[in-house]
Amino acid sequence: MLIFSFFKTLTDQVITVELKNDLSITGTLKSVDQFLNIRLDGISVEDPERHPHMLAVKNCFIRGSVVRYVRMASRSVDTTLLEDATRREAKEAKK
């Protein structure tokens with residue numbers, strides 16, 4: 001649940017999603033659900049020569065199970081808040 005909550009805080013920020021098929025898509029995060037399915041708007045592909053069919057696509061829905069990595073700007077991450085939430089979750093799991 002912590003990761004889902006973290007991604008919800010990234011809404012309307014630019015992220016890059018690398019898929020398991022080596023396709024990397026950059027766009028504005030519009031929504032994420034509990035299965036970590038991601039909806040991006042205003043997308044672009046990092047390697048358009050390799051994936052020319054993606055040039056016409058403006059937004060996309062990415063199933064969470066095909067995501068390898070999600071990259072975002074370091075300024076987008078509040079590490080203090082994330083560390084505190086992680087500690088709280090770990091403490092509750094021990095009970």
Side-chain angles (χ1 to χ4, degrees):
M1 199 64 169
L2 177 65
I3 298 298
F4 170 61
S5 300
F6 169 70
F7 277 111
K8 291 293 276 184
T9 66
L10 295 175
T11 303
D12 293 324
Q13 296 192 33
V14 176
I15 64 170
T16 300
V17 180
E18 183 180 328
L19 307 181
K20 291 179 181 177
N21 67 353
D22 294 327
L23 173 63
S24 293
I25 303 171
T26 301
T28 305
L29 179 66
K30 288 301 174 183
S31 65
V32 63
D33 64 14
Q34 68 270 20
F35 303 108
L36 299 181
N37 296 322
I38 296 171
R39 188 170 73 89
L40 296 177
D41 281 350
I43 68 164
S44 63
V45 180
E46 283 191 3
D47 191 5
E49 293 82 29
R50 192 167 159 210
H51 305 282
H53 58 282
M54 293 296 292
L55 293 176
V57 180
K58 300 297 177 213
N59 56 43
C60 67
F61 179 84
I62 303 169
R63 184 180 166 129
S65 64
V66 300
V67 173
R68 180 181 293 152
Y69 297 114
V70 176
R71 293 179 289 200
M72 69 227 44
S74 59
R75 68 184 184 291
S76 302
V77 181
D78 184 356
T79 54
T80 306
L81 183 65
L82 192 57
E83 288 170 356
D84 290 342
T86 304
R87 286 188 189 107
R88 276 194 308 268
E89 192 170 283
K91 189 175 183 180
E92 289 174 10
K94 287 183 180 179
K95 290 183 181 181

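Taking 4.5 Å as the limit, every side-chain heavy atom of Ile43 sits out of range of all side-chain heavy atoms of Thr26. Contact of the Val66 side chain with the Asn21 side chain is not registered, since no non-hydrogen atoms from C-beta on lie closer than 4.5 Å. The closest side-chain heavy-atom distance from Val32 to Lys8 is below 4.5 Å. Counting heavy atoms from C-beta outward, Asn37 and Ile62 have side chains that stay 4.5 Å or more apart. A heavy-atom distance below 4.5 Å is not found between the side chains of Ile25 and Thr16.
In this structure, Val67 and Lys20 approach most closely via the heavy-atom pair O-CE, 3.9 Å. Closest approach of Pro52 and Glu49 over heavy atoms only: CD-O, 3.6 Å. Heavy-atom minimum distance, Ser24 versus Glu18: OG-CG, 3.7 Å.
Rounded to the nearest 0.5 angstrom, Met72 CE and Thr9 OG1 are separated by 8.5 Å. Atom CG of Asp47 and atom CE of Met54 lie 12.0 Å apart (nearest 0.5 Å). Taking CZ from Phe7 and CG from Leu29, the interatomic distance works out to 8.0 Å, rounded to the nearest 0.5 Å. Here the SG-CG distance, from Cys60 to Leu19, works out to 8.0 Å after rounding to the nearest 0.5 Å. Atoms CZ and CG, on Phe6 and Leu82 in that order, are 6.0 Å from each other to the nearest 0.5 Å.
Ion pairing of Asp33 with Arg39 is absent here, as no side-chain N (NZ or NE/NH1/NH2) approaches a carboxylate O to less than 4.0 Å. Classification of Asp12 and Lys30 as a salt-bridged pair holds, one side-chain N sitting under 4.0 Å from a carboxylate O.
Considering only residues two or more places apart in sequence or on other chains, Arg71 meets the salt bridge (Lys or Arg N to Asp or Glu O under 4.0 Å) condition with Glu46.
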Go through the steps to decide whether Asp22 and Arg50 satisfy the test side chain to side chain contact (heavy atoms under 4.5 Å, CB included), and finish with yes or no. CA-CA 10 Å; Asp22 294 327; Arg50 192 167 159 210; 3.9 Å; yes
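The hydrophobic cluster containing Val17 also contains Val57, counting ILVMFWY residues as joined when their side-chain heavy atoms lie under 4.5 angstrom apart, directly or transitively.
Within 6.0 Å of atom CZ in Phe61, more than 12 heavy atoms from other residues, nucleotides or ligands are found, so the atom counts as buried in its surroundings.
With Val70 as the partner, the side chain to side chain contact (heavy atoms under 4.5 Å, CB included) test is satisfied by one option alone out of Ile15, Leu10, Ile3: Ile15.
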